[in-house]
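In this text, all values refer to a predicted model and were calculated from it rather than measured experimentally. Atoms considered below: every heavy atom in the structure, side chains included; atoms not considered: hydrogens, waters and symmetry mates. In each ligand, atom 1 is the first atom listed, and ligand 1 is the first ligand listed.
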Amino acid sequence: MKLIEHFVNGKIIPGSSDKKGKVYNPATGEQESEVRLASKSDLNGAVEIAKKAFETWSIKPALQRARIIFKFKELIEKNSDELTKLIVSEHGKVYEDARGSLTRGLEVVEFACGIPHLLKGEFSENVGTNVDSWSIRQPLGVVAGITPFNFPAMVPMWMFPIAIACGNTFILKPSEKDPSCAIRLAELLSEAGLPEGVFNVINGDKEAVDAILENKDIKAVSFVGSTPIAKYIYENSAKNEKRVQALGGAKNHLVVMPDCDLDGAVNGLMGAAYGSAGERCMAQSVAVAVGDIGDQLVSRLSKKAEALKVGPGMDKASEMGPLVTKEHLEKVTSYVDLGVKEGAKLVVDGRGLKLQGYENGFYIGGCLFDHVNKDMRIYKEEIFGPVLSVVRVKTFEDAAKLINDHEYGNGVSIYTRDGDAGRTFASKIQVGMVGINVPIPVPMAFHSFGGWKRSLFGDSGMHGMEGIKFYTKLKTVTSRWPSGVRSNAEFVMPTMK
Ligand code: NAD
């Protein structure tokens with residue numbers, strides 16, 4: 001059986017631990033490979049190498065770093081089919097969706113190509129007589145990324161292109177459920193000319209994560225995953241004096257106003273709720289039907305949800321693939337069982353789906369609940385599967401209150417033709433990423449990605465200028481060149497004269 005190892009110092013290396021994880025093809029349910037799970041000493045060894053590499057990488061002119069990133073961009077484009085197939089084979093999502101996610105990652109690489117411009121500091125001449133002041137941003141050192149299973153290329157690419165373009169060296173700990181893509185990206189970075197030790201991949205589980213949190217030479221941690229682990233990463237990074245951004249789970253609402261283009265809203269909801277089998281942190285898992293739109297909305301949604309084409313990700317006819325693992329399939333199914341027990345109306349039931357020729361695959365059909373209320377666990381908790389809940393409310397204000405009261409605040413959308421409703425919504429809603437007649441408002445690479453409330457712990461989002469700030473520290477220099485006259489020592493707080 002294929003064994004997926006670590007990538008350190010420019011090459012694949014065997015780890016010291018005998019611990020291994022299983023990697024499945026979700027479409028068939030078969031185990032395809034094993035992944036080595038790192039020990040603490042494996043992680044610490046990689047950090048030593050990254051620390052050494054930082055000495056030369058961090059002082060390379062930004063333009064030279066940008067040229068390597070540019071070459072990497074070309075290699076991703078050249079190898080996009082292979083990378084996409086790797087995503088499909090271990091995650092299960094459909095090919096075109098996987099390809100789209102790779103493109104969204106590539107856009108961050110494109111953004112990072114502008115690093116000489118992005119790192120330009122500020123300069124003030126004559127802040128005092130013959131005194132100049134300027135600020136620059138310098139890299140932190142060795143930084144780490146810990147990433148979830150649902151975007152094995154895109155989420156790591158939210159982090160490392162900017163981190164290394166800024167002059168840091170990087171340790172990536174990808175999800176142990178779909179680790180192959182990270183290794184391939186590391187190989188492409190080497191092919192692009194990235195010096196050894198600048199980008200390293202350590203595969204592993206909690207042991208590797210804890211080793212990252214404890215290692216004093218790791219200066220910053222970027223995390224994306226579920227909320228309980230995000231909180232753990234946030235607390236322990238802070239305790240160990242690291243800079244941290246920890247993005248967590250979500251429960252995203254799409255508000256359907258009575259005046260909206262209903263076909264647009266229904267199509268938007270179908271893609272946003274069932275795309276990638278709902279395994280997206282920006283999936284819209286709650287439709288909020290305002291006023292009297294509920295019956296029409298549920299009737300149109302149910303027809304489409306019943307007609308969803310579920311199948312292997314490599315089948316061009318599939319609109320939705322399987323879930324990532326058997327355990328995750330069981331978890332999602334148990335949430336559907338729970339919704340029925342809690343009294344919600346299960347309008348479309350996707351449970352127990354068996355596909356001919358793929359009987360062991362981790363499939364579930366699209367599920368649709370109506371009459372869900374705010375006290376039900378299926379409303380409060382993140383299911384992370386193709387389960388859409390419709391909550392009916394009387395007014396726009398009720399919809400906004402429902403959303404603002406929720407513990408998560410990642411993404412949200414409103415479908416309306418009323419400009420005032422759209423504008424008020426964008427201004428008042430307590431959520432980090434807002435769509436108006438846009439179903440999945442994921443910001444582009446040159447803006448920043450990040451939720452509010454328990455969807456993000458830390459102060460900065462991913463990529464865009466937030467990414468540049470996160471991966472650099474500010475230094476401000478105040479300077480005077482003596483022009484022959486030496487001043488006497490001053491013992492009072494200096495003020496500029
Ligand atoms: P997860 O939290 O289980 O795992 C994420 C990472 O943490 C993995 O690398 C994993 O190995 C590690 N990890 C898991 N358990 C750990 C533990 N006990 N101690 C230390 N490390 C641990 O998340 P997942 O199931 O891989 O991904 C799905 C979750 O990620 C969902 O909640 C989803 O909403 C979230 N997500 C959020 C965003 C966002 O931008 N906010 C984006 C993508 C995914």
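- Pairs engaging residues 198-223 under the salt bridge (Lys or Arg N to Asp or Glu O under 4.0 Å) rule: Lys19-Asp205, Lys19-Glu207, Lys40-Glu214, Lys51-Asp217, Lys206-Asp210 [sequence neighbours left out].
- Using a 4.0 Å cut-off between a side-chain N of Lys or Arg and a carboxylate O of Asp or Glu, Glu187 and Arg184 qualify as a salt bridge.
- Arg243 pairs by the side chain to side chain donor-acceptor pair (under 3.5 Å) definition with nothing, not counting sequence neighbours.
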Would you sort out whether Ser175 and Thr147 count as a side chain to side chain donor-acceptor pair (under 3.5 Å), showing the intermediate values? CA-CA 6 Å; Ser175 169; Thr147 52; over 6 Å; no
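- Listed by first and then second residue, the salt bridge (Lys or Arg N to Asp or Glu O under 4.0 Å) pairs involving residues 223-235 are Lys231-Glu235 (not counting sequence neighbours).
- How far CD of Gln430 is from CD1 of Ile403: 11.0 Å, rounded to the nearest 0.5 Å.
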Close N/O pairs between ligand 1 and protein, under 3.5 Å:
residue	atom	partner	partner atom	Å
ligand 1	2 (O)	Ser226	N	2.9
ligand 1	2 (O)	Ser226	OG	2.6
ligand 1	9 (O)	Thr147	O	2.8
ligand 1	9 (O)	Lys173	NZ	2.9
ligand 1	11 (O)	Lys173	NZ	2.7
ligand 1	11 (O)	Glu176	OE1	2.7
ligand 1	11 (O)	Glu176	OE2	3.4
ligand 1	26 (O)	Phe149	N	3.0
ligand 1	30 (O)	Gly225	O	3.3
ligand 1	32 (O)	Glu382	OE1	2.6
ligand 1	34 (O)	Glu382	OE2	2.6
ligand 1	41 (N)	Gly248	O	2.8

